[in-house]
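Here the structure comes first, spelled out in structure tokens, and everything after it is commentary.
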Amino acid sequence: MKPPVDSKDYADSAVRAVVFDVDGTLADTERDGHRPAFNAAFKESGLDWDWSVELYGELLAITGGKERIRHFMEKYVPAELGRSGLDDWIAGLHRVKTKHYVSLLESGGIPLRPGVARLIQHLRDRNIKIAIATTTTPENVTALLRSALGEDSPGWFDVIGAGDIVPRKKPEPDIYHWVLEQLGLPAEQCMAIEDSENGLKASLAAGLDTLVTVSDYTRSQDFRGASAVLSDLGEPTQPFTVLEGGVPQSGWVDVELLLKLKA
């Protein structure tokens, strides 16, 4: 069974834009992407640090890669905080990590989550704007999109808010405020899709109704305030599982379902 094809223009509907988080939302990038890239950067830089699956899950409470490195140093290797030019050193280490992460993406090692490519195309077909609000670097975003959706896919997005474009990262709402300003739309006409408690706090604080699709690292987090919590976006051959919320239909997320969640 295929999702229904409908050429209806939703530009004047209650959902004029959908704003996606990236890590854990578009793809399960954290455990098998960012974590091994950090470890590869540590090794290349002559460090004996190793972030296990369990430790990285703990570190994810801190948003932003550079911020995560600093937090790890403060908690586990405080002697390293005496390095000369610490901020620049952390930024350099993070650049090495980004290089390894992009290489992993380019090898096709990180596929999109169920329903992501389908929903993005569905929104484009119906003239719904699409945007990104993430704390990961712009290079990481474009590498993921190009590897999974094609070379031209970053241009499909009306706005990409990423990295250090705002000073305060999630759970602060700054990145969402910036994206909304660039879109020229009020929060009431937009919907966010997130996978984490920090992301949900950020989107809700910016006034966006938010759909959560949990990832391996986040499924036990607190998602109070979400419009619904699902296993993923679903496919016709792989329906989502409803974890929280009154979802009025089963199967896959499309514009009609998003409108019902905002009703």
Side-chain angles (χ1 to χ4, degrees), residues 18-45 49 51 53 56-57 59-72 87-113 116-117 120 130-172 174-176 178-179 182 192-196 198-199 202-203 213 215-218:
V18 175
V19 186
F20 293 87
D21 172 52
V22 173
D23 294 317
T25 300
L26 295 186
D28 282 324
T29 54
E30 297 290 11
R31 185 188 65 187
D32 300 323
H34 289 292
R35 185 186 65 85
F38 274 114
N39 285 336
F42 301 154
K43 183 176 181 180
E44 180 175 330
S45 303
W49 306 348
W51 289 0
V53 171
Y56 194 67
L59 295 173
L60 284 176
I62 307 300
T63 53
K66 294 185 290 293
E67 293 81 357
R68 203 166 291 149
I69 292 170
R70 182 181 290 274
H71 174 77
F72 170 79
D87 288 349
D88 290 340
W89 181 83
I90 289 175
L93 181 60
H94 190 256
R95 283 193 295 272
V96 176
K97 174 262 174 180
T98 296
K99 176 191 69 174
H100 285 285
Y101 180 75
V102 169
S103 178
L104 182 60
L105 285 173
E106 290 174 344
S107 71
I110 306 177
L112 296 179
R113 295 187 64 195
V116 169
I120 287 172
I130 53 175
I132 281 174
T134 181
T135 59
T136 199
T137 65
E139 297 91 341
N140 290 347
V141 175
T142 55
L144 174 63
L145 295 176
R146 285 174 175 150
S147 68
L149 293 172
E151 191 65 27
D152 297 334
S153 59
W156 300 351
F157 289 80
D158 296 270
V159 177
I160 295 180
D164 297 325
I165 202 164
V166 293
R168 299 188 306 168
K169 297 185 177 180
K170 300 175 185 179
E172 300 300 327
D174 302 36
I175 189 64
Y176 276 104
W178 186 89
V179 168
Q182 301 304 307
I193 300 181
E194 281 279 358
D195 80 298
S196 71
N198 277 339
S203 58
T213 58
S215 61
D216 287 343
Y217 275 126
T218 66

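Throughout, numbering of the chain's residues begins at 1 and tracks the sequence. Side chains included, hydrogens not; waters and symmetry mates left out as well; all remaining heavy atoms used. Quick caveat: nothing in here was measured; it's all calculated off a predicted structure.
A donor and an acceptor atom, one from each side chain of Thr63 and Asn198, are nowhere located under 3.5 Å apart. Under 3.5 Å, the side chains of Thr29 and Asp23 contain a donor-acceptor pair of N or O atoms.
Tyr56 pairs in a side-chain hydrogen bond (donor to acceptor under 3.5 Å, both in side chains) with only one of the listed residues (Arg31, His34, Arg68), which is Arg68. Each of Val179, Asp158, Ile130, Ile193 was checked for a side-chain contact (heavy atoms from CB on, under 4.5 Å) with Val19, and the lone residue meeting it is Val179.
Between Ile110 and Ala27, the shortest heavy-atom contact is CG2-CB, 3.9 Å. Looking at every heavy atom in both residues, Ile160 comes nearest to Pro154 through CD1-O, 3.9 Å. In terms of heavy-atom proximity, Gly24 sits nearest to Arg113 at O-NH1, 2.8 Å. Taking both residues in full, the closest heavy atoms of Tyr176 and Ala133 are given as CE2-CB, 3.8 Å, listed atom of the first, atom of the second, then distance. The shortest non-hydrogen separation linking Ser215 to Asp28 is CB-OD1, 3.7 Å.
Residue pairs meeting the salt bridge (Lys or Arg N to Asp or Glu O under 4.0 Å) criterion with at least one member in residues 32-44, sequence neighbours excluded: Glu44-Lys99. Screening residues 135-157 for salt bridge (Lys or Arg N to Asp or Glu O under 4.0 Å) gives Arg146-Glu151 as the qualifying pairs, with residues at least two apart or on separate chains.
The aromatic rings of Phe42 and Trp51 stand perpendicular to each other, their planes meeting at an angle above 60°, with 30° marking the opposite boundary.
Taking Tyr217 as the reference, nothing meets the side chain to side chain donor-acceptor pair (under 3.5 Å) condition, with sequence neighbours excluded. For Lys66, the salt bridge (charged side-chain N to carboxylate O under 4.0 Å, His left out) criterion is met by Asp164, not counting sequence neighbours. For Phe20, there are no ring pair (Phe, Tyr, Trp, His ring centres under 6.0 Å) partners two or more places apart in sequence or in a different chain. By the ring pair (Phe, Tyr, Trp, His ring centres under 6.0 Å) test, Phe157 pairs with no residue at all, sequence neighbours left out. Residues satisfying the salt bridge (charged side-chain N to carboxylate O under 4.0 Å, His left out) criterion with Arg95, sequence neighbours excluded, are absent altogether. With sequence neighbours left out, the side chain to side chain donor-acceptor pair (under 3.5 Å) criterion links Lys170 to Asp21, Glu194. Applying the side-chain contact (heavy atoms from CB on, under 4.5 Å) criterion to Ala117, with sequence neighbours excluded, gives Leu112, Leu149. Checked against salt bridge (charged side-chain N to carboxylate O under 4.0 Å, His left out), Asp87 has the following partners two or more places apart in sequence or in another chain: Arg70. Qualifying side-chain contact (heavy atoms from CB on, under 4.5 Å) partners for Ser103, counting only residues two or more places apart in sequence or in other chains: none. Remark: Glu172 pairs with Arg168, Asp174 by the side-chain contact (heavy atoms from CB on, under 4.5 Å) rule, at least two apart or across chains.
Considering only heavy atoms from C-beta on, Ile62 stays 4.5 Å or farther from Phe72 through its side chain. In this structure, the side chains of Leu93 and Trp49 come closer than 4.5 Å at one or more pairs of heavy atoms. Between Val141 and Pro138, every side-chain heavy-atom pair lies at or beyond the 4.5 Å cut-off.
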side-chain contact (heavy atoms from CB on, under 4.5 Å) assessment of Thr134 paired with Thr25: CA-CA 10 Å; Thr134 181; Thr25 300; over 6 Å; no

Please determine whether side-chain contact (heavy atoms from CB on, under 4.5 Å) holds for the pair Leu145 and Leu26, giving the CA-CA distance in whole Å, both sets of side-chain angles, and the decisive distance to 0.1 Å. CA-CA 9 Å; Leu145 295 176; Leu26 295 186; 4.2 Å; yes

Derivation of the side-chain contact (heavy atoms from CB on, under 4.5 Å) call for Thr98 and Asn140: CA-CA 7 Å; Thr98 296; Asn140 290 347; 3.4 Å; yes

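Atom CH2 in Trp156 sits 7.5 Å away from atom CD1 in Ile120 (nearest 0.5 Å). Rounding to the nearest 0.5 angstrom, the gap separating the NZ atom in Lys169 from the OG1 atom in Thr136 is 8.5 Å.
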